[in-house]
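This chain uses plain numbering: 1 for the first residue, then up along the sequence.
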Amino acid sequence: MIRYVLPVLLFASVLPAHAQAPAGEVPLIERAKIFGNPSKSGGKISPDGRWLSWIAPRDGVLNVWVAPASDPSQARPLTQEKLRPIRSSFWSPDSTTLLFIQDKGGDENFLLYGVNVASGKQIDYTPFEKTRVRVIQISSKVKDRILIGINNRDARWHDVYSLELASGKLTLVQRNDGYGGYVADELLNLRIASKARGDGGTAYYRVTDGKVEATPLADVGLEDAQTTAPLAFTADGKTLYWTDSRGRNTSALLAQDVASGKSTLVAQDARADISDALYDTRTGRVQAYAVEYLQQDYLPLGEDLKDDLAFLKKHTPGQFTVTSRTDADDKWLVAVDAVTAPVSSWLYERKGRKLTRLYVTRPELEGAPLMPMHAQEIKARDGLTLVSYLTLPQASKAGPGGMPSQPVPMVLLVHGGPWARDTYGYNGYHQWLANRGYAVLSVNFRGSTGFGKQFISAGDLQWGRKMHDDLLDAVQWAVQSGVTTADKVAIMGGSYGGYATLAGMAFTPTTFACGVDIVGPSNLFTLLQTIPPYWEAGKQRFYKRMGDPNTEEGKALLKERSPLNFAQNIQRPLLIGQGANDPRVNVAESDQIVAAMAAKNIPVTYVLFPDEGHGFARPVNNIAFNAVTENFLGKCLDGRAEPIGATLKASTAQVKHGAGYAPGLQEAMR
């Protein structure tokens with residue numbers, strides 16, 4: 001839903017970014033090398049195999065680039081964004097056009113654009129105001145058009161349009177008066193429509209010749225709603241794949257015969273949901289699937305990809321992900337994550353099994369003192385297993401199993417969502433904080449996704465209670481395991497992680513030495529009042545899992561779980577970062593808790609970015625906030641910090657309150 005990221009102690013020791021570290025001390029990695037623009041990212045190969053594309057800086061702003069697959073050195077920029085970075089792109093099915101979405105100032109009103117590779121001409125496909133585009137289907141069989149959803153008629157619902165890519169012509173396919181989404185086949189025919197149920201579940205209906213049938217094809221209750229959904233049709237339209245948890249706990253991969261309705265189990269794993277699949281580029285049949293429990297793993301179905309996956313497991317220097325494939329399926333792009341090295345992108349040619357490294361996302365981090373990540377299974381007080389990830393600084397002198405020989409200060413880094421999960425791999429925040437001298441622990445608390453429906457449902461109505469208890473249990477584990485000491489733990493997170501930070505500071509005011517909240521809601525009632533209109537289909541699910549603001553019982557629960565109502569209990573230093581244009585967590589969520597704390601003379605530092613939304617997309621803003629953060633944490637936990645320097649002035653940061661509570665902030669504002 002909302003994904004995203006004290007006693008006075010001695011000031012942190014501060015080293016200039018390029019200073020030589022004392023003998024035996026790990027060198028300080030510059031913030032900009034971790035949070036600045038990547039050199040290249042988001043690599044894709046065109047369906048016809050002729051082109052490679054990626055996102056890379058142009059005049060300091062991330063733009064779309066293209067290069068011949070035969071000679072990547074001949075890359076050229078296709079777009080010319082001057083302010084807000086383009087963060088992803090994808091190919092048209094005919095390989096003539098690169099498509100991307102872009103919003104304004106973080107408002108998440110994403111519009112669709114395309115750039116012709118040959119001419120460089122850019123088209124604004126959806127020139128509308130207050131509109132958010134969804135891509136519904138891109139087919140390898142229909143090359144000249146795609147299906148998109150547009151909510152410019154009614155902000156709650158996305159009407160379905162056919163978009164002709166060459167001309168930009170939009171043709172209405174389906175007026176939408178209450179359906180949450182659609183699934184189309186490879187001929188771009190709408191086949192399935194989904195509709196929210198009053199109990200928070202979802203009903204799925206067949207669509208025949210543009211008409212939605214009256215009787216549901218499948219009725220899914222709240223318990224299964226986030227772990228059951230149709231995925232894709234085979235090319236002949238005769239088989240529909242589902243991710244499905246009905247009758248089991250974790251989500252399995254099922255194949256349903258469209259004519260008979262009979263479903264066949266394709267794959268399942270008792271530990272985790274089926275997270276991804278690889279489909280035959282010509283037939284659409286599943287060839288392999290991915291499961292992520294502690295780490296992600298691809299498992300082949302049959303012989304099609306068995307040898308390819310075995311080869312990649314053996315010859316790539318880390319965990320790999322297949323990011324794109326040609327229509328002929330002769331070439332793949334593969335992202336490789338070694339954790340202690342920046343992510344790299346590789347071209348895999350299946351004939352002859354040839355691997356060629358194309359680029360490294362952050363070459364400036366090659367050879368940097370990056371630390372390994374250790375997967376941990378932590379037991380909650382009621383027996384639930386919390387899959388967690390621990391990164392330790394060099395000072396902890398950790399052994400091969402990830403257990404330290406001496407405790408160090410720790411940052412509990414809480415993920416957003418909350419219906420999301422932390423994963424294994426290179427993590428810039430883990431590496432940055434570990435380099436500053438902290439252990440970093442990320443916990444998949446109850447309500448996190450990926451571990452089955454029972455784990456999600458265990459978080460129902462538990463914001464600020466059992467979900468928070470899981471975080472407290474993880475901290476206790478870290479203390480008992482010698483990772484840290486009870487007086488040297490900070491809490492930090494974005495979105496739901498920001499809420500967890502506020503909850504930690506207000507509900508358990510002496511547990512954490514300090515907190516960093518990024519775009520976190522402080523009042524659950526006002527949060528639900530201001531959710532974007534295009535989340536209408538999921539509103540009942542929010543109410544069932546969080547608390548219903550339309551009932552007296554729900555109002556009382558939301559009031560009890562809102563940190564704003566307990567702001568007077570906060571005792572330890574708090575830093576808050578917020579985007580002014582955030583459509584998910586309105587700026588009022590931060591404004592109101594800062595005002596409540598200020599009224600009680602409780603120290604809080606508040607940094608607002610007028611050109612950001614739910615998180616900080618512009619690197620200058622992210623670097624600026626993290627500069628404030630590491631100096632704030634340095635004072636709180638006695639860790640290392642790179643000076644704020646000129647980062648604040650290079651950003652749009654507005655320090656709305658409490659500059660004097662964050663070391664170096666007042667000086668940086670001058």
Side-chain angles (χ1 to χ4, degrees), residues 2 4-9 411-412 414 463-464 468 471-472 487 489-527 529-530 558-580 582 585-610 612 614 616 624-626 628-637 648 653-666 668-669:
I2 48 171
Y4 166 76
V5 152
L6 170 74
V8 178
L9 303 177
V411 176
L412 180 68
V414 187
W463 284 48
H468 188 59
L471 300 176
L472 299 179
D487 62 334
V489 180
I491 184 169
M492 173 177 172
S495 195
Y496 177 85
Y499 165 82
T501 297
L502 296 177
M505 304 301 287
F507 300 155
T508 52
T510 60
T511 298
F512 299 101
C514 57
V516 180
D517 153 37
I518 305 166
V519 298
S522 64
N523 184 333
L524 299 187
F525 189 81
T526 54
L527 171 71
Q529 284 184 319
T530 57
L558 293 169
K559 181 179 180 181
E560 177 203 339
R561 310 296 170 81
S562 295
L564 175 65
N565 299 321
F566 301 88
Q568 70 276 8
N569 295 339
I570 297 175
Q571 300 179 24
R572 304 288 171 79
L574 177 62
L575 170 64
I576 294 177
Q578 176 71 46
D582 192 339
V585 178
N586 190 279
V587 64
E589 295 297 324
S590 292
D591 288 347
Q592 58 194 354
I593 196 165
V594 170
M597 293 177 66
K600 298 288 186 180
N601 295 315
I602 301 171
V604 58
T605 302
Y606 181 25
V607 184
L608 180 71
F609 294 89
E612 295 286 7
H614 197 61
F616 312 138
F625 186 76
N626 288 339
V628 177
T629 297
E630 70 174 278
N631 283 272
F632 174 84
L633 290 174
K635 178 180 179 181
C636 167
L637 298 180
L648 212 66
Q654 299 175 356
V655 182
K656 307 295 285 187
H657 185 83
Y661 301 128
L665 185 53
Q666 287 180 316
M669 293 168 60

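- The shortest heavy-atom contact between Ser562 and Leu524 is OG-N, 2.9 Å.
- For the atom pair CD1 of Ile518 and CG of Asp582, the computed distance is 12.0 Å after rounding to the nearest 0.5 Å.
- By the side chain to side chain donor-acceptor pair (under 3.5 Å) test, Asp591 is found to be paired with Tyr606, residues two or more places apart in sequence or in another chain being considered.
- Between the Asn586 side chain and the Glu589 main chain, no donor and acceptor come within less than 3.5 Å of each other.
- The distance from the CG atom of Asp517 to the OH atom of Tyr499 is 12.0 Å, given to the nearest 0.5 Å.
- Taken to the nearest 0.5 Å, the CG atom of Leu502 stands 9.5 Å off from the CG atom of Leu564.
- The closest donor-acceptor contact from the side chain of Gln578 to the backbone of Leu608 lies at 3.5 Å or more, if one exists at all.
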Donor-acceptor list for residues 503-515 side chains, cut-off 3.5 Å, not counting sequence neighbours:
residue : atom : partner : partner atom : Å
Thr508  : OG1  : His468  : NE2          : 3.2
Thr508  : OG1  : Gly504  : O            : 2.9

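- Between Phe625 and Phe609, the ring planes are perpendicular. Angles over 60° get that label, and only those under 30° would be called parallel.
- Taking both residues in full, the closest heavy atoms of Val414 and Ala500 are given as CG1-CB, 3.8 Å, listed atom of the first, atom of the second, then distance.
- For Phe632, there are no ring-ring contact (aromatic ring centres under 6.0 Å, His included) partners two or more places apart in sequence or in a different chain.
- Going from atom CE of Met597 over to atom CD1 of Ile570 covers 4.0 Å, rounded to the nearest 0.5 Å.
- No side-chain donor-acceptor contact under 3.5 Å links Ser590 to the backbone of Val587.
- In this structure Thr501 satisfies the side chain to side chain donor-acceptor pair (under 3.5 Å) test with no other residue, sequence neighbours excluded.
- Remark: Leu574 CG to Ile576 CD1 distance equals 4.5 Å, nearest 0.5 Å.
- Rounding to the nearest 0.5 Å gives a distance of 10.0 Å between CG of Asn569 and NZ of Lys600.
- Residue pairs meeting the salt bridge (Lys or Arg N to Asp or Glu O under 4.0 Å) criterion with at least one partner in residues 559-569, sequence neighbours excluded, are Arg465-Glu560.
- Residues satisfying the side chain to side chain donor-acceptor pair (under 3.5 Å) criterion with Gln568, sequence neighbours excluded, are absent altogether.
- Checked by atom type and distance alone, the side chain of Thr605 never pairs as donor or acceptor with a backbone atom of Ala659 at under 3.5 Å.
- No donor-acceptor pair under 3.5 Å is formed between the side chain of Asn626 and the backbone N or O of Thr629.
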